[in-house]
There are 2 protein chains.
Amino acid sequence: MTSPAAFAATAVLLADPARAAMLTALLSGEALTASELARVAGIGAPAASAHLGRLVKGGLIAVHPQGRHRYHRLASEEVAAMLETLGGLTEAVSPARRWPHGEAFRTARLCYDHLAGRLGVALHAGLTGQSWIVPTAGGWVATEAGEVGLTAMGVDLAAARTARRFACDCMDWSERRAHLAGGLGREIAACCLRRHWLTRIPAEREGDPLARRRLRMTPEGARRLGEALGIAA
Amino acid sequence: MTSPAAFAATAVLLADPARAAMLTALLSGEALTASELARVAGIGAPAASAHLGRLVKGGLIAVHPQGRHRYHRLASEEVAAMLETLGGLTEAVSPARRWPHGEAFRTARLCYDHLAGRLGVALHAGLTGQSWIVPTAGGWVATEAGEVGLTAMGVDLAAARTARRFACDCMDWSERRAHLAGGLGREIAACCLRRHWLTRIPAEREGDPLARRRLRMTPEGARRLGEALGIAA
DNA sequence: CCTGTCCTTCGCCCCATGGCGAAGCACCAA
DNA sequence: TTGGTGCTTCGCCATGGGGCGAAGGACAGG
């Protein structure tokens, strides 16, 4: 029997401060070990293990055992989008207890594995405005012009196509507009980081779960992204 | 001090089955009394009162006292979008416990006060594709052509402008694409319902919190929406 | 007024959940 | 094999929170 209020079962997983801290840390897109996550959450190893077990069972995170370590990452794009949205709601509803993201956070950041913030929204607008991608059922597909342009930028389209979704929208809360997720979003972000068009901003204090999500655009990046997509930095 | 895992405070409000049922019921966009919500949640009046108090305090719902009755509605567009997203995540993560929305639910439904589902996404694509709305910082604005076209449809643009946001994106989970929210989204939905281009589908069983969210397009509606926006029903 | 209704507050019980320490596995390195 | 380390399981305790019944305000109608 499916309950009409089915999402409560998922919401309980988000409702604990320790689990929330873990999930927030994983929004950087990096895979973290159980002990790293325990430290981030400020709890002991046994408690962390229990939390991680519930998160895995609930389908929110996935595990990659590697020797003695167990690396954890968010289970999917959907989970990342959900956390981003919930964080934005919290900020909209109660500015007093919003998380401490500064202006840099709104300008450009990682949302799991793709670009968000003003840059992410501008990228979405640029791709659709130039018809490099066009709508289809359940997402977007690349046009011929898009394939040429993206390949010239250095984006690995073959890798992007291996994802479950090639390109789809993800809500950008700080901008109230959609940015690009899916395989294409991932590969564009990877390309920008690989070529040092974007660099991660180091954390200001130790153990900040939002560390490594903030991005800064290099002069080279502003030029290249600008000319490729006609967007203003 | 703002905790990095700030969203946990909001998530606890969603994590209870009774509160989740209440919020789900309010997604229909209607204002409900405390006793109606108690019945929907399957709990007594005292428990419902406590839950509603917490939801109001948390900024998720708003109250309108009216005589002996206290009407409750969702506090904002953001809350509705958040619930929609969380419901979608639950379905993506765990199809076993997804809520029972049939095909009609995916085709056309209300997301609080605006249109969602395939129809909502098609509407968004039609408005942007014909340049009736164009992007701006934090949302969309209507062009001159858009003002003419929308007014001809019967949409009250003056009313739409009284909203906090004129037009912004809202994530459509079943389609993985953005649909239109904000004052314009609200007025378009109101127009379609007023002119009987769309009608609510009656609930199949008593007390279904998803009741009155499902929509069906009338032949007249398909024709009018189709010719106005060039969308396929 | 008094009555019925709607809603809230209060007091109480109960159990689900989160935390830890200790012990037990699993794996790498010597 | 023998440690050393990372992680999990087990047992236990404390607390928070959700539920109800009973009682108390607020409001409409006679």
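Throughout, a chain's letter reflects where its sequence line sits, starting with A, and its residues are numbered from 1. The structure presented is a predicted model; accordingly, all values stated were derived computationally and were not measured.
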Notebook entry, point to check: Distance only, no hydrogens: is a donor on one side chain within 3.5 Å (strictly under) of an acceptor on the other, for A:S28 and A:R200?
Noted result: no

Note to self: Assess, by modelled atom type and distance only, whether the side chains of B:R70 and B:H64 contain a donor and an acceptor separated by less than 3.5 Å.
What the structure shows: no

Whole angstrom value for the distance that separates [atom2] of [N] from [atom1] of [X]:
{"X": "A:H69", "N": "C:dC25", "atom1": "NE2", "atom2": "P", "value": "22 Å"}
{"X": "A:H64", "N": "D:dG6", "atom1": "NE2", "atom2": "C1'", "value": "18 Å"}
{"X": "B:Y71", "N": "C:dC6", "atom1": "OH", "atom2": "P", "value": "11 Å"}
{"X": "A:L13", "N": "C:dA16", "atom1": "CG", "atom2": "P", "value": "17 Å"}
{"X": "A:R70", "N": "C:dC25", "atom1": "CZ", "atom2": "P", "value": "17 Å"}
{"X": "B:L14", "N": "D:dG17", "atom1": "CG", "atom2": "C1'", "value": "16 Å"}
{"X": "A:L55", "N": "C:dT17", "atom1": "CG", "atom2": "C1'", "value": "14 Å"}
{"X": "A:L52", "N": "D:dT9", "atom1": "CG", "atom2": "C1'", "value": "15 Å"}

[X] has a side chain; which of [options] sits nearest to it?
{"X": "B:I43", "options": "C:dG19, D:dT8, D:dG19", "result": "D:dG19"}
{"X": "B:A34", "options": "C:dC7, D:dG19, D:dC7", "result": "C:dC7"}
{"X": "B:S49", "options": "C:dT9, C:dC6, D:dG19", "result": "C:dT9"}
{"X": "A:P46", "options": "C:dC20, C:dT8, C:dG18", "result": "C:dC20"}
{"X": "B:A18", "options": "C:dC7, D:dG19, C:dT8", "result": "D:dG19"}

Notebook entry, point to check: Excluding sequence neighbours, so at least two apart, what forms side-chain contact (heavy atoms from CB on, under 4.5 Å) with A:R224?
Noted result: A:R195, A:W197, A:E220, A:E227

Check: Who passes side-chain hydrogen bond (donor to acceptor under 3.5 Å, both in side chains) against A:H179, sequence neighbours left out?
Finding: A:H114, A:D172

Next item on the list: Return no unless some side-chain N or O of B:H51 is found under 4.0 Å from OP1 or OP2 of D:dG19.
Entry: yes

Note to self: Reading DNA chain C from 5' onward, which residue's closest nucleotide shows up sooner: A:G67 or A:G42?
What the structure shows: A:G42

Notebook entry, point to check: When all nucleic acid strands are considered with a 4.0 Å heavy-atom cut-off, which category describes A:A45: base, sugar-phosphate, or nothing?
Noted result: base

Check: Counting any heavy atom closer than 4.0 Å, what does A:R68 reach on the DNA or RNA strands: base, sugar-phosphate only, or nothing?
Finding: base

Next item on the list: Under the side chain to side chain contact (heavy atoms under 4.5 Å, CB included) rule, what do A:L26 and A:Y112 come out as? Steps first, then yes or no, please.
Entry: CA-CA 7 Å; A:L26 291 173; A:Y112 186 39; over 6 Å; no

